[in-house]
*Asks:* 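The structure under discussion is supplied below as structure tokens; questions concerning it will follow.
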Amino acid sequence: MATRVNTKFVIILSLVLVASTGGLAAVWYFVVRQDPQKQVERAERYLEQGLTERAIEEFGKALSHRPDDVRLLLRFVEVVSDARVSDISTARRYLRLVVSAQEQAFTQEPRDPDLFNRLASLYTRLGREFQDFASWNALYERAQGVIDARPEPPMQLLARRYRGIAQVNRIEKLNIPPELRQIASEDLAAALESDPDDRETLFYLAAWHVLEAREQDKPGGIPGKAAALREEADRISARLLEAAPDDPDRVLDRIRILRQLGTDRRAQIGPLVDRLEQRMLATPTDSRLVIDLVACTATINTEPYHSMPYMPTELIPDLRTDGTVHMEHSLEL
């Protein structure tokens, strides 16, 4: 006698098998296919072999699966930042990758002060080295966003520092209201209270006084105010050398401010240039410093303070003898 088929059982079993197959497929997709570990391991092997470009490609593939993995993002930034490239277009492409990765990492952990500092430092370098005004706007927005989120005091102060730096650079090109201009000065002053020898903060606070002096030079300015602001800019920039008088970057920043204060202070520039040149002749020097010194001393400058001091990075390859550009000259994260 034929065995009677339990139709209900067959239907249920079929559904279970289909569900199980789908579940296994999902497990394979999310655990195996989406697991970037093999690609990361392959990337690290490429790095050991000196195949940096292939390593970057593998890290990029890994990130396509785990774009929210902060640890992986930071490793990617590290590898790209250390890359050696032979042309500016590749350097700029890598630069965009680094910016995107840093932005993504900060988005994942917006209250991490280290991640914010990494991103803000990157935008600062882009603004100074590449003369990229959009970077100053982006930095200002990120810093303002951190401040609006009311973080812990240390991160709040860090955000104020970068907001002040960004705003000083925006003042030259944008019509910033007086009250917001004043906030920039207060931000930088607060940062200096925490770290009195901070080179960048000293430089930009001095630059703020130069810009405000120019405002007072306009019709309707307060008599004597411009001169007082320039004196303060001179005093603040002199502090750059108090902590480290032989630091070439601080000497260059001092020269930059003196050049903007008028011809009566340019007599102070000569001895500083001589000291810097002697140091460069005596010790191996980063080509970036040579370029910056040439830019600072080539001609009498009448341009805005922040568009004068830093030569375009595109000129750096001309000074290298090996035909390559190390990313530290473009990113230096």
Side-chain angles (χ1 to χ4, degrees), residues 124 127-128 131-137 139-141 143-144 147 157 159-242 250-270 272 292 295-310:
T124 300
R128 293 184 74 156
Q131 304 294 307
D132 181 23
F133 185 73
S135 293
W136 297 123
N137 285 330
L139 177 59
Y140 184 84
E141 293 171 3
Q144 187 63 58
I147 293 168
L157 185 60
R160 288 189 65 187
R161 173 187 184 272
Y162 281 113
R163 181 176 68 176
I165 289 174
Q167 190 72 294
V168 169
N169 285 277
R170 297 169 80 240
I171 285 173
E172 182 69 32
K173 292 190 176 182
L174 301 178
N175 185 22
I176 306 296
E179 60 272 18
L180 294 182
R181 296 166 69 101
Q182 184 60 34
I183 289 174
S185 172
E186 295 168 0
D187 284 343
L188 295 171
L192 275 182
E193 288 183 9
S194 175
D195 185 0
D197 295 327
D198 183 348
R199 174 202 158 206
E200 282 191 325
T201 305
L202 283 167
F203 173 73
Y204 282 112
L205 185 58
W208 181 89
H209 283 79
V210 171
L211 293 174
E212 288 302 303
R214 292 178 182 174
E215 282 296 304
Q216 294 299 323
D217 287 335
K218 296 177 181 179
I222 300 174
K225 182 69 171 176
L229 286 164
R230 288 189 170 92
E231 287 294 334
E232 185 65 8
D234 190 2
R235 186 189 69 81
I236 293 171
S237 66
R239 289 173 55 187
L240 283 162
L241 302 183
E242 292 176 1
R250 287 174 177 261
V251 174
L252 283 168
D253 278 349
R254 171 66 168 153
I255 293 172
R256 289 170 181 128
I257 295 299
L258 287 173
R259 290 176 65 86
Q260 301 301 312
L261 290 177
T263 55
D264 58 329
R265 289 180 175 82
R266 286 189 178 134
Q268 302 177 50
I269 295 177
L272 293 174
D292 283 350
C296 281
T297 59
T299 58
I300 298 297
N301 180 69
T302 56
E303 298 177 8
Y305 82 94
H306 62 270
S307 63
M308 174 272 295
Y310 302 97

*Asks:* Taking only residues two or more places apart in sequence, or in another chain, which ones meet R250 in a salt bridge (Lys or Arg N to Asp or Glu O under 4.0 Å)?
*Replies:* D247
*Asks:* Within the structure provided, determine whether Y140 and N137 are in side-chain contact (heavy-atom separation under 4.5 Å).
*Replies:* no
*Asks:* Can you check whether I165's main-chain N or O pairs, donor with acceptor, with N169's side chain at less than 3.5 Å?
*Replies:* yes
*Asks:* Is there side-chain contact between E215 and L229, with at least one heavy-atom pair below 4.5 Å?
*Replies:* no
*Asks:* What's the separation between atom CZ in R160 and atom CD in Q144, rounded to the nearest 0.5 Å?
*Replies:* 11.0 Å
*Asks:* State which residues pass salt bridge (Lys or Arg N to Asp or Glu O under 4.0 Å) with E186; sequence neighbours excluded, sorted by chain then number.
*Replies:* none
*Asks:* Just jot down the salt bridge (Lys or Arg N to Asp or Glu O under 4.0 Å) partners of E200, sequence neighbours excluded, or say none.
*Replies:* R128, R161
*Asks:* Using atom types as modelled and distance alone, determine if a side-chain donor or acceptor of Q216 lies under 3.5 Å from a backbone N or O of G221.
*Replies:* no
*Asks:* Does this structure show an ion pair linking R239 with D234, if we count only N-O contacts that are shorter than 4.0 Å?
*Replies:* no
*Asks:* In the structure I gave you, are the side-chain heavy atoms of I236 and I257 within less than 4.5 Å of one another anywhere?
*Replies:* no
*Asks:* For side-chain contact (heavy atoms from CB on, under 4.5 Å), just list the numbers for R170 and Q167, CA-CA rounded to whole Å, side-chain angles, deciding distance to a tenth of an Å, and then say yes or no.
*Replies:* CA-CA 5 Å; R170 297 169 80 240; Q167 190 72 294; 2.6 Å; yes
*Asks:* Tell me whether R256 is salt-bridged to D253, with the criterion being a basic N under 4.0 Å from an acidic carboxylate O.
*Replies:* yes
*Asks:* Nearest 0.5 Å, please: how far is CG in D132 from OG1 in T124?
*Replies:* 11.5 Å
*Asks:* Could you give the distance from CG (L188) to CG (L202), rounded to the nearest 0.5 Å?
*Replies:* 9.5 Å
